[in-house]
Amino acid sequence: MQSTNADSDYKPMRGQMGKDVMWLQTAQNLVNQMLAMAQIKSDDVVYDLGAGDGIIPITASKLYSVKSVGIEYHQKLADFAKKNAIQAGVGDKVNIIKGDIFIEDFSKATVVTMYLLPELNLQLRPTILQMIPGTRIVSHAFDMGEWQHDQFYTDGKEKAYLWIVPAQAKGIWHLKDSDAKLDARIQIEQQFQSIGGTITYAGQQKPLLGAQLKGSQIQFQFVASDDSLFTVQATLNQNTMSGELWAWGRALPFEIQRQP
Ligand SMILES: C[S@@+](CC[C@H](N)C(=O)[O-])C[C@H]1O[C@@H](n2cnc3c(N)ncnc32)[C@H](O)[C@@H]1O
């Protein structure tokens, strides 16, 4: 059995001040809902920023058997959370770090949860947007400013928001087939997960239709010169977009490169 330095009589007080925000606990049913929104898989790593008594990482590890980490600034709360994890039988899966969310590295997370404040969410946003595309972010109560959520939950009283970290799709992409019969240029504009753009080939510019970006998965359509509708479904990986181009009822391999 693991041991902690936790003061066995310590009990956190609702509203007690932390470094940047006070401690309030997310209710168990909302924790469950937030984790369900994140669609956690067994290989996910869940980080709770400002972990309080550890209810979110403990629940994640209990329900989904995943590794989870809570970052908590308040030493006694961090010790208390550790003790709670052991008592809940997930001491081996939950790591509580006594630290500052603005200093600790949480880039290994594939799911991030938080119950902070609107201005703290905005301060964290640039770091979050640099995370691995597809990372799910779930926030109790507060949004991310102009970064629109991908999913919203409310029971009429409490609220939770989900975002999926988008890949960088913005730029000019070149499609050239090996014998250079098809020479196309795709220009993509992006704001967070919203994308749009144009495709230029054979001297004609056409809009991208129904463009969607979810993590690293991109999809769009365009009308070809013979008026048939082409559909691209691809994965973004740094400066390569690869997948399939659906044209004339069949799938063709598709790969384009971003112009440096
Ligand atoms: C509103 S509580 C949320 C607790 C827990 N995540 C939950 O949802 O039940 C916010 C927590 O963040 C902690 N906190 C405040 N500023 C922090 C910082 N800069 N770094 C780490 N933890 C912080 C507080 O001590 C508090 O426990």
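Counting starts at 1 for both ligands and their atoms, following the listed order. Keep in mind that what you see is a predicted model, and the values were worked out from it rather than measured.
- Every N/O-N/O distance between Asp53 and ligand 1 stays at or above 3.5 Å.
- Across Asp44, Asp43, Thr135, a single residue satisfies side-chain hydrogen bond (donor to acceptor under 3.5 Å, both in side chains) together with Thr110, and that is Asp44.
- At the top of the distance list for atom 15 (C) of ligand 1, counting protein heavy atoms only, stands Val21 O, 3.4 Å.
- Using a 4.0 angstrom heavy-atom cutoff, Gln25 counts as in contact with ligand 1.
- The structure places OH of Tyr64 at 12.5 Å from OG of Ser42, a figure rounded to the nearest 0.5 Å.
- From the protein, the heavy atom lying nearest to atom 3 (C) of ligand 1 is Leu24 O, 3.3 Å.
- Nearest protein neighbour of atom 23 (C) of ligand 1, counting heavy atoms only, is Tyr73 CB, 3.7 Å.
- Scanning the protein for heavy atoms near atom 16 (N) of ligand 1, the closest one is Asp20 N, 2.9 Å.
- Of all the atoms in ligand 1, the ones that sit under 4.0 Å from a non-hydrogen atom of Gly52 are 4 (C), 27 (O).
- The protein heavy atom nearest to atom 5 (C) of ligand 1 is Gly50 O, 3.3 Å.
- Looking at Gln257, Arg258, Arg185 one by one, the single match for side chain to side chain contact (heavy atoms under 4.5 Å, CB included) with Ile172 turns out to be Arg185.
- In summary, the side chains of Thr198 and Gln187 do not present any donor paired with an acceptor at a separation below 3.5 Å, with no hydrogens or angles considered.
- Atom CG of residue Leu236 and atom CE of residue Met241 lie 5.0 Å apart, to the nearest 0.5 angstrom.
- Using a 4.0 Å heavy-atom cutoff, Gly99 is listed among the residues neighbouring ligand 1.
- Nearest protein heavy-atom neighbour of atom 10 (C) of ligand 1: Met22 O, 3.4 Å.
- Salt bridge annotation for Lys98-Glu72: absent, with no cationic side-chain nitrogen under 4.0 angstrom from a carboxylate oxygen.
- In Ile56, the part holding a heavy atom less than 4.0 Å from any atom of ligand 1 is the side chain.
- Counting only N and O atoms by type, the side chains of Gln28 and Thr59 include a donor and acceptor under 3.5 Å apart.
- Side-chain contact of Trp147 with Gln193: a donor-acceptor pair under 3.5 Å is present, judged by distance alone.
- Taking 4.0 Å as the cut-off, Met114 does not count as a neighbour of ligand 1 on heavy-atom distance.
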